Amino acid sequence: MAVLELPQWTALAPALVFVATALALFVIDSINPHTRNRSLLAGTTAVGALAALGVTVWFMLAGVGTPTAEGGLGVVELFGGQFVVDQMTLFFTTVVSIVTALVAVASYDYMADHTYQSEYYSLIMLAATGMAAMAAANSLVTVFIALELASLPSYALVAILKDNRGSVEAGLKYFLIGALSSAIFLYGISLVYGATGHLQLEAIADNLDGADAYGGLLGLGILMLIGGFAYKTASVPFHFWAPEAYEGAPAPISAFLSSASKAAGFVIAFRVFTTAFPVEATTAVIGIDWTTAFVVLAIVTMTLGNFAAATQDNVKRMLAYSSIGHAGYALIGLAGLSADGGELVMGAAMMHLFVYGFMNTGAFLFVALAEYWGVGRTFEDYNGLARQAPVACAALGIFMFSLAGIPPLGGFWSKYILFTETIGAAGTNGAMLVVAAALVVNSALSLYYYSRLVKAVWIEDPIGERDALAQPIGLYAAIVVAAVLTVVALPAFGPIADAAQQAAAVAIG
Amino acid sequence: MDVPIEYFVLLSMALFSIGLFGILTRRNALLFLMSVEIMVNAANVNLIAFAFYHGNLTGQVFALFAMALAAAEVAIGLGIVLVLYRNFRDVDVTVPTTMRW
C-alpha cells in the first residue's frame, strides 16, 4: 500500500487536516474581516471535517495502527512515543470528525445572525484538533496539552453569544469548573511524575515497581487524574457544569461538547488507565484496585444522570442529564478492566460511545432546530410539532428510542453488548453484577423521559397556535444525516463492533 | 540535593491547598482565577523539584508547557469575566443564576 511510503508523522494526518482547516478559516477572515459569507465558512469547516474523516477511514482500511500480526501496517509511535496511532485513535477520530461535520452544517443556520462567523468556525476546528490529538496522545504531557487545546476553544464557544446572559453564565461555569479540574489534573500528573520519574505512558508502567516508596503519592495522583477525566466526560464528581453549560450554550455547541468532547475524554481515560496503570502492577503499589473507583463512579453517574433527567421540564436540560447518564454507561468500560474479559467490556463501551455520538448529536440538533423556530424550551412547548415538521420529528423519534435502547436501533445493540459483556465479566469480579443491574434499571427509567419527548411532539395537541415553521436546510440536512447514521449503524454494527473490540484488545494487550 | 524532596512536596501541597481554599471561599471571579493559578504553580513546583530529584529534564520542560497553558487559560478566563461584567454588571460568580441548579 502507498501508506507505507509516507513518512511516519503523516499518521497524525486527521489532526493536521483539522488544524489546517482552522488556519484556512483564519486566512479567510484576515482577507475579509467580518465576513458573513456563511456558505464559504461552514462549507470549509464541513469539508475539512469530512477530509479528516476520509483520511481516518482510509487509514483504517489500509491497516494503519493494526498490529502487523493481523496483517496491518503496525501501530505507529511518533516523537519517542509521545503520540501513538492505533485502532483506538482512528476509531475515536472517526467519531470526532463526523460530529464536527454535522455541527458545522447545523451551525450554518443556527448561527446565521451571529457577528463573528469565522471565529466561531475556527474555534470549532481548533477544538476538534485538540480532540483528535487527545485520541493519539500517549504521554501525560501530550494528554494535558491536547486536553487544554480541546478545552480552551470550548470555553469560548459556550460563551460565544456574548449578549445572551444564559450563554455567558454557561461559559463562566464551564470555565471555572474546567480551570479547577485542569489544575487538579496537572497536580495529579506532577504526583505521578514524582512517583515514577516519567510522563510517557509505557515508561510509567515500566517504572511502577520502582515507585513502591511513593505508593501514597501515586494513589493520590491517580485519584486526581480521575478528577480531570471526570470533568471532560461529564461524570460524577465533576458533572455539575454539564446541565448549565449545555443549556446555556448554542445548541450545536452542546451537541459538539456532549458527543465529541465526551468521546475524546473517554479515549484519554481508556488510554492512560490501560497503558500507564495496568491493574495488577498498580494495585501492588498503591494497595487499592483502581477499577473499584470506576465501579462506584459508573453506578453513581448513571443513576444520578437518569434520575435528574427524569425530573426535568426543560428539554435541553433533560438531554444534558441524559448525557451524564450515558457517561456512566461508558465508564463501565473502565470499571470492568480488572475482570477476565475486561477488554470486551471496554470494547462495548467504545461501541456505545460511537453510536451515542450520532444519536446524541442528532437529539441536540433537534433542540437547535426548535430554538431556531423559537418554539420555547419545555416539553409542553414542543407539543404537536410533528404536525408541522414530520420529517424532523420522525428523526427525533429515532434518536430518542435509540438513546433509550429500544430494539432494533443502534443504541439497543451497543447497550445490549455492554450488558452481556458486563455480565460475562461478573464471573471474576462480583461488583460487575451490581453494575449490570444498575445499567438495566437506569435504561428502563430512561425510557420514561425519552418517550415523554416523543409523546409531546407526536401525540399531544399544541398549546397555542404556531406560525408556519421554516425549514432551514443546513439544520435539516444535519438532523437527517444523523438519523440515517443512527439507523445505518444497525446493519453496520458488525464491523463497528469488530473495530471497537480489536481496538480495545490492542490497547490493553 | 541539599533540601530533602519531602519539603518540596510539602510546599507544593500547601500551595495547592491555599489555592483550593481560595476557590471554595472567594466569590470574585478574578480571585478565583488567581487561586487556580496558585494551584497550577503548586504543580510546577512539584514537577521541577521531581525533575531535579529524578535527574531527568522531562518535568522541567513540562513545567514550561504548563505555564504557557495556564497563561492561555487565564486569557480566555479574563475574556469570559469581561463579558460577565458587561451582562451582569458584576464579577461575583454567585450573581449569574438565570439557570437553576
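Below, chains carry the letters A, B, ... as their sequence lines are ordered, and counting in each starts from 1. Predicted, not measured: the structure shown is a model, and the values here were computed from it.
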Is it the side chain or the backbone of A:L149 that comes within 4.5 Å of chain B heavy atoms, both, or neither? neither
Top contributor to chain A interface from B:V93, B:V95, B:V61 [non-hydrogen pairs under 4.5 Å]: B:V93
Structural part of A:T196 lying under 4.5 Å from a heavy atom of chain B: backbone
Residue part contacting chain A, namely of B:I23, when any heavy atom lies under 4.5 Å: side chain
So B:L30 and B:L78, do their side chains get closer than 4.5 Å, heavy atoms only? yes
Do A:F256 and A:F364 have ring centroids that are under 6.0 Å from one another? no
Does A:E244 offer a backbone N or O that forms a donor-acceptor pair with the side chain of A:K173 under 3.5 Å? no
Student check: side-chain heavy atoms of B:H54 and A:H198 closer than 4.5 Å: no
Measure distances from B:S12 to the heavy atoms of chain A and classify the residue's part below 4.5 Å as side chain, backbone, both or neither. both
I'd like to know whether A:F185 forms a ring pair (Phe, Tyr, Trp, His ring centres under 6.0 Å) with A:Y231, so could you lay out the CA-CA distance, the side-chain angles of the two residues, the decisive distance to 0.1 Å, and finally the verdict. CA-CA 10 Å; A:F185 189 68; A:Y231 162 74; 9.9 Å; no
May I ask you to decide if the ring planes of A:F240 and A:F238 are parallel, tilted or perpendicular, using 30° and 60° as cut-offs? tilted
Below 4.5 Å from any heavy atom of chain B, which atoms of A:L220 appear? Answer side chain, backbone, both or neither. side chain
Please list, in residue-number order, every residue in residues 63-73 of chain B that has a heavy atom less than 4.5 Å from any heavy atom of chain A; write 'none' if there are none. B:F65, B:A66, B:L69, B:A72, B:E73
Examine the side chains of A:N314 and A:E247 and answer whether a donor and an acceptor come within less than 3.5 Å of each other. yes
Side chain from CB out, backbone as N, CA, C, O: work out which of these in B:I38 comes under 4.5 Å of a heavy atom of chain A, or both, or neither. neither
Using the six-membered ring wherever Trp is involved, compare the ring planes of A:Y174 and A:W241 and label them parallel, tilted or perpendicular (cut-offs 30° and 60°). tilted
